[in-house]
Amino acid sequence: MTRIAILGLAAAAATSVALLGCTAKAPGDAESTPSAGRELSPQEAAAALPGLADIDQRFDSETDGVPDVDADRSTYPADCLKLTFGGPTMSAFTRDHRVAFVGREYSGEGRGTLTLTVSSHDEVVPKTPFDDAGNALGKCATFSNTAHRTTSTWSTELIGTPGRGEQSFGTRMTLTKDVPPTSEGTIVDEVRVRQGHNLITVSYFVPPSSTPVPGVVDRAVEATVASLERSGD
């Protein structure tokens with residue numbers, strides 16, 4: 001399976017701490033200012049993407065532009081589509097309200113590839129897809145994914161998230177069965193963060209031949225959220 005096919009799983013870190021998964025700010029926590037989560041133009045969304053120096057010195061290449069969501073995809077059990085924000089609520093919201101979608105890839109030899117996207121909408125990103133993803137996890141410790149006429153099998157677990165933004169959800173997906181089997185053992189760590197009108201998605205693809213960079217997903221999230229907060233000043 002190619003990397004693009006595998007990342008289709010994501011509707012597209014290796015050393016994340018406690019298995020926290022989906023987090024939201026507790027009552028009494030400081031709320032982000034409304035302007036920090038305002039609707040962004042495509043140019044403003046692109047400006048929120050961190051540079052290579054903000055990610056990790058072990059990554060030495062960055063490329064603008066990433067594939068958009070792969071709609072021709074299914075899972076078994078069917079609810080596992082919600083685990084990667086491919087359920088009907090998020091799909092309809094994206095179709096009806098998205099005004100900007102930008103992305104960047106960061107890579108380093110033997111270190112895998114990190115993909116970061118920022119999408120902005122004319123309404124606040126709903127909580128429902130985050131709740132749906134958390135609820136689906138119990139059914140999706142193992143699930144099959146069919147994309148590009150290829151079916152693969154994945155195991156999943158929650159991973160900790162840096163607690164930035166208004167709500168976040170993180171998973172680690174490990175490829176356990178593929179045809180041909182050369183990509184088995186691939187890990188995809190994903191974190192999504194809701195910040196007002198904006199949705200941040202970080203996906204870290206690590207094939208068996210690569211060594212993951214510790215903490216890089218959290219750093220990417222923190223750098224992007226910080227950039228969004230500055231854009232609201």
Quick one: are [X] and [Y] in side-chain contact, heavy atoms under 4.5 Å?
X      : Y      : result
Val202 : Asp218 : no
Arg73  : Thr84  : yes
Leu228 : Leu40  : yes
Tyr204 : Val213 : yes
Gln195 : Glu229 : yes
Leu114 : Ser107 : no
Leu83  : Phe143 : yes
Lys177 : Glu184 : yes

Between [atom1] on residue [X] and [atom2] on residue [Y], distance to nearest 0.5 Å:
X      : Y      : atom1 : atom2 : value
Glu39  : Glu44  : CD    : CD    : 9.0 Å
Thr201 : Phe101 : OG1   : CZ    : 7.5 Å
Tyr106 : Thr115 : OH    : OG1   : 9.5 Å
Thr150 : Asp178 : OG1   : CG    : 7.5 Å
Asp189 : Glu157 : CG    : CD    : 8.5 Å
Ile159 : Thr171 : CD1   : OG1   : 6.5 Å

Original post:
Is there a chain of hydrophobic side chains (I, L, V, M, F, W, Y, each step under 4.5 Å between heavy atoms) that links Val124 to Phe130?
Top reply: no
Checklist entry - Given the rule that I, L, V, M, F, W and Y join up when any side-chain heavy atoms are under 4.5 Å apart, are Leu199 and Val99 in one cluster? => result no
So, [X] side chain and [Y] main chain: donor-acceptor pair closer than 3.5 Å or not?
X      : Y      : answer
Thr75  : Leu81  : yes
Thr176 : Thr153 : yes
Glu166 : Gly196 : yes
Glu62  : Leu52  : yes

Checking Arg192, Lys127, Arg194 against Gln167 for side chain to side chain donor-acceptor pair (under 3.5 Å), the one that qualifies is Arg194
Ser120 meets the side-chain hydrogen bond (donor to acceptor under 3.5 Å, both in side chains) criterion, sequence neighbours left out, with Asn198
Sorted by chain and residue number, the side-chain hydrogen bond (donor to acceptor under 3.5 Å, both in side chains) partners of Arg104 (sequence neighbours excluded) come out as Asp64
Measure across [X] and [Y] and return the closest heavy-atom pair with its distance rounded to 0.1 Å.
X      : Y      : value
Ser183 : Leu175 : O-CD2, 3.3 Å
Ser168 : Thr161 : OG-OG1, 2.8 Å
Thr151 : Ser144 : CG2-CB, 4.1 Å
Phe59  : Gly112 : CE2-O, 4.1 Å
Ala223 : Pro50  : CB-CB, 3.9 Å
Pro208 : Gly185 : CG-C, 4.0 Å

- Query: So Arg111 and Ser210, side-chain contact (heavy atoms from CB on, under 4.5 Å) or not? Walk me through it.
  - Reply: CA-CA 5 Å; Arg111 292 296 186 174; Ser210 294; 5.8 Å; no
By side-chain contact (heavy atoms from CB on, under 4.5 Å), Val102 pairs with (sequence neighbours left out) Ala45, Ala46, Leu49, Val118
Sorted by chain and residue number, the side-chain contact (heavy atoms from CB on, under 4.5 Å) partners of Thr89 (sequence neighbours excluded) come out as Thr128, Pro129, Asp132
Residue pairs meeting disulfide bond (SG atoms under 2.5 Å apart), one or both in residues 126-204, sequence neighbours left out, come to Cys80-Cys140
- Message: What I want to check is whether the side chains of Trp154 and Thr156 have a donor and an acceptor closer together than 3.5 Å.
- Response: no
Applying ring pair (Phe, Tyr, Trp, His ring centres under 6.0 Å) to His121 and not counting sequence neighbours gives Phe93
